[in-house]
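Taking it in order: structure first as structure tokens, then the write-up.
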2 protein chains.
Amino acid sequence: MTDELSRKRADARRNRQLITEAARATFAAHGLDVPMRAIARRAGVGPATLYRHFPTKEALIAETFAVQMGRCVATLDAALDDPDPWHGFCSVIEKVCETQAVDRGFTAALLDSMTTDYVRVRDHNARRFAELTRRAKESGQLRQDFVPDDIKLLIMANGGIGAASPAAARAASRRLVALLIQSLRAHPADPPAPLPPPAPLDSHMDVKL
Amino acid sequence: MTDELSRKRADARRNRQLITEAARATFAAHGLDVPMRAIARRAGVGPATLYRHFPTKEALIAETFAVQMGRCVATLDAALDDPDPWHGFCSVIEKVCETQAVDRGFTAALLDSMTTDYVRVRDHNARRFAELTRRAKESGQLRQDFVPDDIKLLIMANGGIGAASPAAARAASRRLVALLIQSLRAHPADPPAPLPPPAPLDSHMDVKL
DNA sequence: AGCGAATCGGAACAGGGCGTCCGTTTGCGC
DNA sequence: GCGCAAACGGACGCCCTGTTCCGATTCGCT
């Protein structure tokens, strides 16, 4: 089964690779709102080449974040296999939020995907996360009034952190997630567990909300 | 002391009023990233008129959110007068977040202001909030490892909610803030206090992060 | 009413981004 | 090596957005 790619010319394959790498890096650093030319430049190709491989910006974005989406699925898999549902539940939130903090475009891609594409994957994940939620409640660790849709709340909130510079965002996200998870426990510890240390949060605004 | 405005022509005053109202409404609904033309249209004036009253978009934004900033100062005043520092502390967070949820541009204006203009006001508020924080810790209600800068964390996180449609954002913000405040208590209740009810969160994406 | 100056607003300018066309270059099978 | 189809990339058109120009209009004073 000679797939589509292997019958293309070698330089075309190489360029496609360069483009996806450039796209990944650029989207991660600056979000989705970067000129296509910037990605082309970074990949060392002309704009036309970029457009020959990906007919539209949306297509490039979809391809670029397909792997991240795959990682989400894997994270959910692992969480559902975890014998401790609360631990699995927390790991999902932590992993997704970590990815958001590291990759600025990921949040935007996630939020779009909630309404646009990836419908299949999204629904599947939603059902599985709901199951994880159910088990975590049943085990008595997750508060009963949590609803699976609250994951969107957490994702959007954590996404807001992405407006900061990448380095600051990582630390800030960890602190935020720790706070949130504490308040999701059915029986919070007293005194509460310590938080990850604070870090200066100098928002380097290239984003306008 | 005949101020600048009253010596201008009546139609000019009226238009200025129309413009600020249009700007307030438009920024609130769609964030700062709206064309100046849209605001002009809503105000029923031409683009040139808009620019005669406000030399640049930034100036319009500054003027538009001056009142909100004023309200922030007032909120802090009230909180510092509150005999219960924890109650005051919570009210600041709740009020600011409520404003963010209702007014989409406010978040962006706040975040810019952290780095750009309003330096005087911001620093003043920061010092006063630090004092409020100190008192809330001293009263034993606020956890000791909270740092005043964490307010930025909360603001940015709550700002992420703004990507949802305004109606959904209000409910979502309330739920998020309730979660966050619970985890800020030095001695969380067991079982934790109930949350505001969940609500569907259909992100109407006109924002790209 | 009549006049001058303040004000208005549509048209135009400048910058930048998305996506396309076309002449040129390059891989690769012979 | 050779030839041709595949692939390339610079230049182009189009649209959107902030901002300015200038002829037409309106206000307000006498």
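The chains referred to below are lettered A, B, ... by the order of the sequence lines, with proteins before strands, and numbering in each begins at 1. The figures here come from the full heavy-atom set of this structure, side chains too, leaving out hydrogens, waters and symmetry mates.
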ask   = How does protein reach along nucleotides 23-30 of chain D, written 5' to 3' as B (base within reach of a heavy atom under 4.0 Å), S (only sugar-phosphate), or - (no contact)?
value = ---BSS--
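- One can place CZ of A:Arg14 at 12 Å from P of C:dT26, the figure rounded to the nearest angstrom.
- Dashed line: the shortest gap from a side-chain N or O of A:His53 to OP1 or OP2 of D:dC8 is under 4.0 Å.
- We find that CD1 of B:Ile61 is positioned 12 Å from C1' of D:dG18, with the value rounded to whole Å.
- You'll find the ring centres of B:Phe27 and B:Phe106 outside the 6.0 Å limit.
- B:Ala12 comes within 4.0 angstrom of sugar-phosphate atoms only, judged by non-hydrogen atoms across all strands, and of no base.
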At a cut-off of 3.5 Å, list every protein nitrogen or oxygen paired with a nitrogen or oxygen from nucleotides 15-18 of chain C, distance to 0.1 Å.
unit_1, atom_1, unit_2, atom_2, d
C:dC18, OP1, A:Met36, N, 3.4
C:dC18, OP1, A:Lys57, NZ, 3.1
C:dC18, OP2, A:Met36, N, 2.9
C:dC18, N4, A:Arg37, NH1, 3.3
C:dC18, N4, A:Arg37, NH2, 3.1

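- Remark: A:Arg128 engages A:Asp77 in a salt bridge, criterion side-chain N to carboxylate O under 4.0 Å.
- Taking both residues in full, the closest heavy atoms of A:Phe65 and A:Gly105 are given as CZ-C, 3.6 Å, listed atom of the first, atom of the second, then distance.
- Contact annotation: A:Asn15 does not reach the phosphate of D:dA7 (side-chain N/O to OP1 or OP2, under 4.0 Å).
- Taking the side chain as every heavy atom from C-beta outward, B:Asp150 and B:Leu153 approach each other to under 4.5 Å.
- By the 4.0 Å N-to-carboxylate-O rule, B:Glu94 lies too far from B:Arg174 to be salt-bridged with it.
- Here the C1' atom of nucleotide C:dG9 and the CZ atom of B:Arg16 are 19 Å apart, to the nearest Å.
- The residue among B:Pro55 and A:Pro47 whose nearest nucleotide of DNA chain D lies closer to the 5′ end is A:Pro47.
- Side chain of A:Lys95 to main chain of A:Thr75: no donor-acceptor pair is present (N/O by atom type, distance under 3.5 Å, no hydrogens or angles).
- As a whole-Å value, the separation of A:Asp33 CG from D:dT17 C1' is 14 Å.
- Here the shortest heavy-atom pairing between A:Ser173 and A:Ile161 reads N-CG2, 4.0 Å.
- Spacing between atom CZ of A:Arg7 and atom P of C:dC28 amounts to 14 Å, rounded to whole angstrom units.
- Panel note: side chain B:Gln141, backbone B:Pro85; no donor-acceptor pair is recorded below 3.5 Å.
- If A:Arg52 and B:Arg52 are placed on DNA chain D by their nearest nucleotide, the residue sitting closer to the 5' end is A:Arg52.
- Counted by atom type alone, B:Gln182 and A:Arg143 present one or more donor-acceptor pairs between their side chains at under 3.5 Å.
- B:Ile19 has its CD1 atom 12 Å from the C1' atom of C:dG9, to the nearest Å.
- Regarding A:Leu50, its CG atom lies at a distance of 15 Å from the P atom of D:dA7, rounded to whole Å.
- Under 4.0 angstrom from either OP1 or OP2 of C:dG9 there lies at least one side-chain N or O belonging to B:Thr49.
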